[in-house]
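A quick write-up on the structure given underneath.
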Amino acid sequence: MNKLTDSLGDWRRTHYSKRMDPEMSGEQITVMGWIHEIRDLGGIIFVLLRDRDGIIQITAPSKKISKELLDEIRKLKKESVIAVRGNIQESGKAPGGYEIIPNEIKLLNQSKLPLPLDTTDKVRAEIDTRLDSRYIDLRRPTSSVIFKIKSRMLHSVRNFLEKGEFIEINTPKLVASATEGGTELFPITYFEREAFLGQSPQLYKQMMMATGLDKVYEIAPIFRAEEHDTLRHLNEVISIDIEASFCDHEDVMKILEGMVHTVLGDVANYGEDELKLLGVDLEIPDIPFDRIDYDDVVDIVNSKGVNMGYGEDLSRAAEKAIGEHMNNYYFITHWPTDIKPFYVMPDDKDPKRSCAFDLMYKDLEISSGAQRVHKHDLLVERIKKQGLNPVSFERYLAAFEYGMPPHAGWGLGAERFTMCITGAKNIRETVLFPRDRRRLTP
RNA sequence: GCCCUGGUGGUGUAGGGGCUAUCAUGUGGGCCUGUCGAGCCCACGACUCGGGUUCAAAUCCCGGCCAGGGCGCCA
């Protein structure tokens, strides 16, 4: 099989499929990609070549090209990789308005058939089938376009934060302590000791506040060993985290809403074609976002017939109820101190309430943040109150003894944010190789 | 982890104690000079695994595995 394939040699792609213009008519160009479909009508063969940008038609009329080339084309199979040199021609009859009349074709690699799933969207495959053969699934534009948008989103996030004078940091994902409380951690073997995969950069980015770097951000994976099995949870996700000194929760909420607003604008501006492919009409929310007090959330949820007590976290039914009442992006503020982590600052005037907030998009929590406790003794008290041992936080706590400024921050789930932008119903759509309760490969 | 539903060619499905197991797409072959979900003809290809009931199980029962939906868990 392989002896029939050609080497790349000195051939290089001169154009992507969608970047043609009328002035190029007649010009010889080289395109490279995968065979999306072949329509052999006998006297004329149409080969649809797909690359990153889209699809261009190679048109081979028997009268215009040599018999040898025609025979070569007739032997081509779906999803094989080819390079085509030919003349570009404007044509109203061709999809996209342009077609290429081939002079020479190289078969760079052949595809095995049949394919594990259909790349032309004639027959839909289930997400499980698609994830098993993700590289082929991503040949479908509706699948890969999510990652083009995610890339734009992350680029825009970095731009925004860099403009705001945030410094990008990298904190360890191999950590010693399982005592941060809350979520389950993945244990791993670290030489002769046990270690864990980091659940959050929280403690590290707070320690950075004691360094004088003032404003930091990190975009990195976090790991949570929860056995959840839903459309919006994974065991490995990307967290967009910031922490800023000499700030309170109001300041970082402004940064967060400003960032979401800017990023959505950027994606709408520069990703127009991509959004169109998904059929998404991206609405840019006005800022400031609505802020709703936790106590009012409880009242609204109860008024919708969903039972919820003050001091409880939102159940799924509660999230749906509040999501129905609010729309788009909104903050839930003044969470009860007791259900928030130890590092969250209690409200001065009413310590039962905290300076913590969640950013919601409809019924989906996409970010949570807070003003943090920067006073050492209060922090120790809060750790004890949550049933944790201050001794295991020794190194973290020490950072609060030598001049820790007041600070605040948040973490935003990159995949959940991508879901908001793309309209994906399953978080797995927004990760190339998702890790969930059952899936560890590919 | 719990509840509900399901697992049929490569993919997506119909069927539901005994027939040659349905359809689409695909794959292989043939015809066709403007296809664009091309069309037409021929062929190929499947009942999740283990156990049980039964003269007979893809179908009913039990269990495993896997999946879909919902929930829980998720500082």
Side-chain angles (χ1 to χ4, degrees), chain A residues 36-48 55-65 70 74 77-79 89 91-97 99 101 111-133 136-137 140 177-185 198-203 206 222-235 237 313-320 335 337-344 354 356 358 365 368-370 372-373 382-383 385-388 393 411 413 416 425-428 436-439:
Chain A
H36 188 68
E37 272 189 280
I38 304 167
R39 299 200 187 97
D40 184 350
L41 272 64
I44 187 167
I45 305 174
F46 301 101
V47 177
L48 303 184
I55 290 167
I56 181 87
Q57 178 166 285
I58 316 296
T59 302
S62 56
K63 280 200 179 140
K64 282 195 190 166
I65 64 169
L70 202 71
R74 218 180 285 280
K77 306 286 178 197
K78 262 184 146 179
E79 294 304 325
Q89 203 169 75
S91 164
K93 287 186 274 186
E99 61 189 359
I101 311 298
S111 172
K112 190 173 148 185
L113 294 172
L115 299 161
L117 52 92
D118 175 26
T119 52
T120 62
D121 281 342
K122 282 176 203 152
V123 181
R124 288 260 167 221
E126 287 180 5
I127 184 105
D128 201 52
T129 307
R130 292 168 46 210
L131 291 175
D132 282 341
S133 300
I136 294 175
D137 177 53
R140 301 185 314 111
S177 174
T179 52
E180 291 173 30
T183 192
E184 293 292 321
L185 301 183
Q199 59 173 191
S200 156
Q202 181 61 31
L203 306 189
Q206 280 193 273
I222 56 171
F223 304 91
R224 305 209 161 165
E226 298 295 338
E227 298 195 346
H228 33 50
D229 199 359
T230 79
L231 298 179
R232 57 199 180 280
H233 288 92
L234 288 174
N235 297 292
V237 293
D313 215 334
L314 275 86
S315 67
R316 187 64 194 135
E319 282 181 339
K320 282 178 175 164
W335 286 79
T337 305
D338 284 348
I339 57 168
K340 283 290 172 184
F342 62 78
Y343 49 77
V344 163
S354 73
D358 278 5
E365 176 195 333
S368 63
R372 321 298 192 185
V373 176
R382 298 237 38 221
I383 287 173
K385 210 173 172 188
Q386 303 231 340
L388 299 167
F393 294 94
R416 286 193 175 181
K425 295 278 180 288
N426 189 336
I427 195 166
R428 279 156 261 254
D436 63 28
R437 179 74 185 88
R438 295 189 177 96
R439 184 175 286 277

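In what follows, every chain begins at residue 1, and chains take the letters A, B, ... in the order their sequences are listed.
Here B:A58 sits opposite no nucleotide as a Watson-Crick or G-U wobble pair (both hydrogen-bonding atom distances under 3.5 Å). In a base pair of the Watson-Crick type (N1 to N3 plus N6-O4 or O6-N4) or a G-U wobble (N1-O2 and O6-N3), with each distance short of 3.5 Å, B:G26 is matched with B:C44. Remark: B:C19 base-pairs with no nucleotide in the shown strands. Criterion, Watson-Crick or G-U wobble with two distances under 3.5 Å. Partner assigned to B:G7 is B:C65, using Watson-Crick or G-U wobble distances below 3.5 angstrom. Partner assigned to B:C71 is B:G1, using Watson-Crick or G-U wobble distances below 3.5 angstrom. Using N1 to N3 plus N6-O4 or O6-N4 for Watson-Crick, or N1-O2 and O6-N3 for G-U wobble, each under 3.5 Å, B:G39 pairs with B:C31.
Using a 4.0 Å heavy-atom criterion, one finds that A:K63 contacts the bases of the nucleic acid, with or without backbone contacts as well. Note on A:I45: nothing from the nucleic acid sits closer than 4.0 angstrom, heavy atoms only. Within 4.0 Å of A:A94, counting heavy atoms only, lies at least one base atom of the nucleic acid. Residue A:P95 is classed as a base contact, given a heavy-atom separation below 4.0 Å to a base.
Computed from coordinates, the A:I127 CD1 to B:G69 C1' distance equals 15 Å when rounded to whole Å. Between A:R439 atom CZ and B:C66 atom P the separation is 12 Å, expressed in whole Å. Going from atom CD of A:E184 over to atom P of B:G1 covers 13 Å, rounded to whole Å. Distance, A:D229 CG to B:C4 P: 16 Å, rounded to whole Å. In this entry the distance linking CZ of A:R316 with C1' of B:C71 reads 10 Å, nearest Å. Whole-Å rounding puts the A:K320 NZ to B:G70 P distance at 6 Å. Counting to the nearest Å, the P atom of B:G29 and the CZ atom of A:R74 are 12 Å from each other. A:D40 places its CG atom 15 Å from the C1' atom of B:C36, with the value rounded to the nearest Å.
Remark: the separation of the C1' atoms in B:A46 and B:G26 is 14 Å, to the nearest Å. The separation of B:C66 from B:G50, taken at their C1' atoms, amounts to 15 Å, rounded to a whole angstrom. A gap of 11 Å separates the P atoms of B:U25 and B:C41, to the nearest Å. Taking atom C1' on both B:C4 and B:G18, the two are 32 Å apart, rounded to the nearest angstrom. Nucleotides B:A58 and B:U20, compared at atom P, are 15 Å apart to the nearest Å. Across the P atoms, B:G10 and B:G72 are found 38 Å apart, a figure rounded to whole Å. Nucleotides B:A43 and B:C3 have their P atoms positioned 49 Å apart, rounded to a whole Å. Nucleotides B:A21 and B:G45 place their C1' atoms 13 Å apart, quoted to the nearest Å.
Residue order along RNA chain B, read from the 5' end via each residue's closest nucleotide, puts A:R232 first among A:R224 and A:R232. Take the nearest nucleotide of RNA chain B for A:S91 and for A:N426: the residue whose nucleotide is more 5' is A:S91.
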Can you list the steps and then say if A:R372 with A:Q206 is a side-chain contact (heavy atoms from CB on, under 4.5 Å)? CA-CA 8 Å; A:R372 321 298 192 185; A:Q206 280 193 273; 3.4 Å; yes
Could you walk me through whether A:I38 and A:I45 pass side-chain contact (heavy atoms from CB on, under 4.5 Å), step by step? CA-CA 7 Å; A:I38 304 167; A:I45 305 174; 4.0 Å; yes
Does A:L48 form a side-chain contact (heavy atoms from CB on, under 4.5 Å) with A:Q57? I'd like the steps, not just the answer. CA-CA 5 Å; A:L48 303 184; A:Q57 178 166 285; 3.6 Å; yes
Could you go through the side-chain contact (heavy atoms from CB on, under 4.5 Å) check for A:L41 and A:F46 one step at a time? CA-CA 8 Å; A:L41 272 64; A:F46 301 101; 4.1 Å; yes
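At a threshold of 4.5 Å between non-hydrogen side-chain atoms, the residues A:K78 and A:P114 do not count as touching. With a 4.5 Å cut-off on side-chain heavy atoms, A:K340 and A:D358 count as touching.
Contact of A:E126 with B:U11 (side chain to base): no donor-acceptor pair of N or O atoms is detected under 3.5 Å. Interface remark: the A:H233 side chain does form a donor-acceptor pair with the B:C74 base, using a distance-only criterion of under 3.5 Å. The base of B:U33 sits with one of its N or O atoms less than 3.5 Å from a complementary donor or acceptor on the side chain of A:S62. Between the side chain of A:E99 and the base of B:G34, a donor-acceptor pair under 3.5 Å is found.
Under the 4.0 Å criterion applied to side-chain N and carboxylate O atoms, A:R439 and A:D132 are assigned as salt-bridge partners.
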Each nucleotide N or O in nucleotides 24-28 of chain B that has a protein N or O under 3.5 Å away: list the pair and distance.
unit_1, atom_1, unit_2, atom_2, d
B:G26, OP1, A:K122, NZ, 3.3
B:G28, OP1, A:K77, NZ, 3.4

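Set against B:G70, B:G34, B:G10, the side chain of A:Q57 has B:G34 as its closest nucleotide. When distances run from any side-chain atom of A:A125 to the nucleotides B:G68, B:U11, B:U33, the shortest one goes to B:U11. Here the nucleotide nearest the side chain of A:R437, chosen from B:G69, B:G1, B:G12, is B:G1. Out of B:C71, B:G72, B:G34, the shortest distance to the side chain of A:I44 is found at B:G34. Taking the side chain of A:E227 as heavy atoms from C-beta on, and the options B:C73, B:G1, B:C71, the nearest nucleotide is B:G1.
With sequence neighbours excluded, no residue forms a ring pair (Phe, Tyr, Trp, His ring centres under 6.0 Å) with A:H36. Considering only residues two or more places apart in sequence or on other chains, A:D137 meets the side-chain hydrogen bond (donor to acceptor under 3.5 Å, both in side chains) condition with A:R130, A:R134, A:R140, A:S143.
For the 3.5 Å distance criterion, the side chains of A:E79 and A:T119 qualify, holding a donor opposite an acceptor.
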